Number of protein chains: 2
Amino acid sequence: MIIYFQEDFYIYTIKEVAEKMDVSEHTIRFWAKSGFFPFIKRSQTNIRLFDDNDLEWVKIVKCLRVVGVESKAVKRYIDLCVIGDSTIEERYKIITDTKVKTQQQIKELMEQLILLEYKEKFYQNIINNNLEDTWNPMNKLSVEEKVVI
Amino acid sequence: MIIYFQEDFYIYTIKEVAEKMDVSEHTIRFWAKSGFFPFIKRSQTNIRLFDDNDLEWVKIVKCLRVVGVESKAVKRYIDLCVIGDSTIEERYKIITDTKVKTQQQIKELMEQLILLEYKEKFYQNIINNNLEDTWNPMNKLSVEEKVVI
DNA sequence: CAATTAATTGAGAGTAACTCTAATATTTTA
DNA sequence: TAAAATATTAGAGTTACTCTCAATTAATTG
């Protein structure tokens, strides 16, 4: 959609937003329906008109969702933004809490990555040296007869 | 549940597994129902008996799920393990693909972390210097009258 | 400029992966 | 041995999409 304003003002269709932000159109609409973009304008024919400012909002919503903030909490954050300056402290807390949780997630992923790398080497070794998968309990003797309850 | 075997053989209840692996009992049962643990024994009274070997399987399932491998793919991996040595190559590919995706996820989270840190500083600045939230479009003039379609 | 073709819309069904509840059975503890 | 804690399954509920569909609306093209 081509629309002209003063110099540096563009309007994006939902498709363009989806491409630009790497989020599906469905998800953008779902987020819009969830009240995450209370500021988006519509054309007279009801079509959503995203401007560069709106993209910043899509960006922060995407950020919060990607790091696992649940929808209700995202909505809360958006609502606080709409209310304005009196809510800065609560928004600050949301952001710092989210930051800490994101750091923990990164740590968790890095730990799981270590296990994946161990497994990778383990399989590599089997493939390269034509070995048996000794770790797999399926290759071990059944322990059934040992069980005593 | 206390059960004796030879020296180094212990049995864990589902509760103990949940605590040890930091996964809810519900989730362990859900995974079991999904066929992720085809090797777990049961007592005569139908109670699941996890041994140390089983914990290793819970560990790899947890790993795959945490990094976002979907259930169907986890099941596939487990099935390949059960089939045995002939499936090493496919398992190797699953692990390396998952490793790459995990690295990408870590990168993505680190990028989002930068935005969160920017926001944190932004709010900090407002709080410390008693400023207005100039970024918030709610504080800007309405652009409504500028829109031309 | 009419007619395809492409994009947008909302409603609502479908899906994944839990998460929780409830009724019942089993185990542990006092 | 009675009460409290834990285990079991089935199945309902939840979250956050994801997809389909029919109806509009917009863009392209002969």
Side-chain angles (χ1 to χ4, degrees), chain A residues 1-4 10-38 40-51 54 58 61-78 98 101 105 148-149, chain B residues 1-4 10-37 40-51 54 58 61-78 98 101 105 147-149:
Chain A
M1 186 180 275
I2 301 149
I3 300 220
Y4 27 138
Y10 299 95
I11 288 282
Y12 306 93
T13 62
I14 201 158
K15 200 191 180 193
E16 287 166 332
V17 174
E19 273 162 22
K20 223 175 156 65
M21 305 306 290
D22 196 29
V23 175
S24 82
E25 289 179 46
H26 287 305
T27 300
I28 301 279
R29 284 203 195 88
F30 175 76
W31 286 349
K33 204 177 162 186
S34 304
F36 293 176
F37 312 129
I40 286 178
K41 308 278 186 299
R42 301 266 192 150
S43 73
Q44 285 99 329
T45 54
N46 202 36
I47 283 166
R48 291 186 186 86
L49 308 172
F50 295 79
D51 63 27
D54 295 330
V58 177
V61 166
K62 180 187 172 180
C63 172
L64 295 176
R65 289 295 306 118
V66 162
V67 305
V69 176
E70 59 185 45
S71 281
K72 259 188 195 170
V74 173
K75 183 58 168 45
R76 174 74 185 155
Y77 179 78
I78 297 296
T98 304
K101 279 182 197 156
Q105 272 184 82
V148 177
I149 294 157
Chain B
M1 187 179 278
I2 301 151
I3 300 216
Y4 335 60
Y10 299 96
I11 289 282
Y12 306 92
T13 62
I14 201 157
K15 200 190 179 195
E16 288 165 333
V17 173
E19 272 162 22
K20 221 173 156 68
M21 306 305 291
D22 197 27
V23 174
S24 81
E25 289 179 47
H26 288 305
T27 300
I28 301 277
R29 285 205 194 87
F30 174 76
W31 286 349
K33 204 175 160 186
S34 304
F36 293 176
F37 313 130
I40 286 180
K41 308 275 185 300
R42 302 266 190 150
S43 72
Q44 284 100 329
T45 54
N46 201 34
I47 283 167
R48 292 187 186 85
L49 307 172
F50 295 78
D51 62 27
D54 295 331
V58 177
V61 166
K62 180 186 172 180
C63 172
L64 296 176
R65 289 293 309 119
V66 162
V67 306
V69 175
E70 59 185 48
S71 280
K72 262 187 192 170
V74 173
K75 183 58 168 47
R76 173 74 185 154
Y77 179 78
I78 297 295
T98 303
K101 280 181 195 155
Q105 272 185 81
V147 178
V148 177
I149 295 159

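As the structure is a prediction and not an experimental result, all values here were calculated from the model. Just so it is clear: chains get the letters A, B, ... in the order the sequence lines come, proteins before strands, and each one is counted from 1.
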Rounded interatomic separation in angstrom, taking [atom1] from [X] and [atom2] from [N]:
| X | N | atom1 | atom2 | value |
| --- | --- | --- | --- | --- |
| K33(A) | dA13(C) | NZ | P | 11 Å |
| R65(A) | dT15(D) | CZ | P | 12 Å |
| K62(B) | dC18(C) | NZ | C1' | 15 Å |
| R76(B) | dA16(C) | CZ | P | 18 Å |
| W31(A) | dT15(D) | CH2 | C1' | 14 Å |
| Q44(A) | dT9(C) | CD | C1' | 16 Å |
| K72(B) | dA16(C) | NZ | C1' | 10 Å |

Any T27(A) side-chain nitrogen or oxygen under 4.0 Å from OP1 or OP2 of dT18(D) = yes
Under 3.5 Å: donor-acceptor pair, side chain of E16(B), backbone of T13(B) | yes
Would you say the side-chain atoms of K62(B) pair up with the backbone N or O of M21(B), donor to acceptor, closer than 3.5 Å?
-> yes
Just one of Y12(B), F36(B), F37(B) clears the side chain to side chain contact (heavy atoms under 4.5 Å, CB included) bar with V58(B), so which one?
-> F37(B)
Note: D54(A) and L49(A) closest approach over all heavy atoms is OD2-O, 3.4 Å
Heavy atoms of Y77(A) and L64(A) approach each other most closely as CD2-CD1, 3.9 Å
Go through dA16(C), dC20(C), dA16(D) for me and flag the one nearest to the H26(B) side chain.
-> dC20(C)
Under 3.5 Å, side-chain donor or acceptor atoms of residues 26-35 of chain B against the rest of the protein: list the pairs with distances, not counting sequence neighbours.
residue : atom : partner : partner atom : Å
T27(B)  : OG1  : S24(B)  : OG           : 2.9
R29(B)  : NH2  : E25(B)  : OE1          : 3.4
S34(B)  : OG   : F30(B)  : O            : 2.7

Could you run down nucleotides 3-9 of chain D 5' to 3' and tag each one B, S or - for protein heavy-atom contact under 4.0 Å?
-> ---SSBB
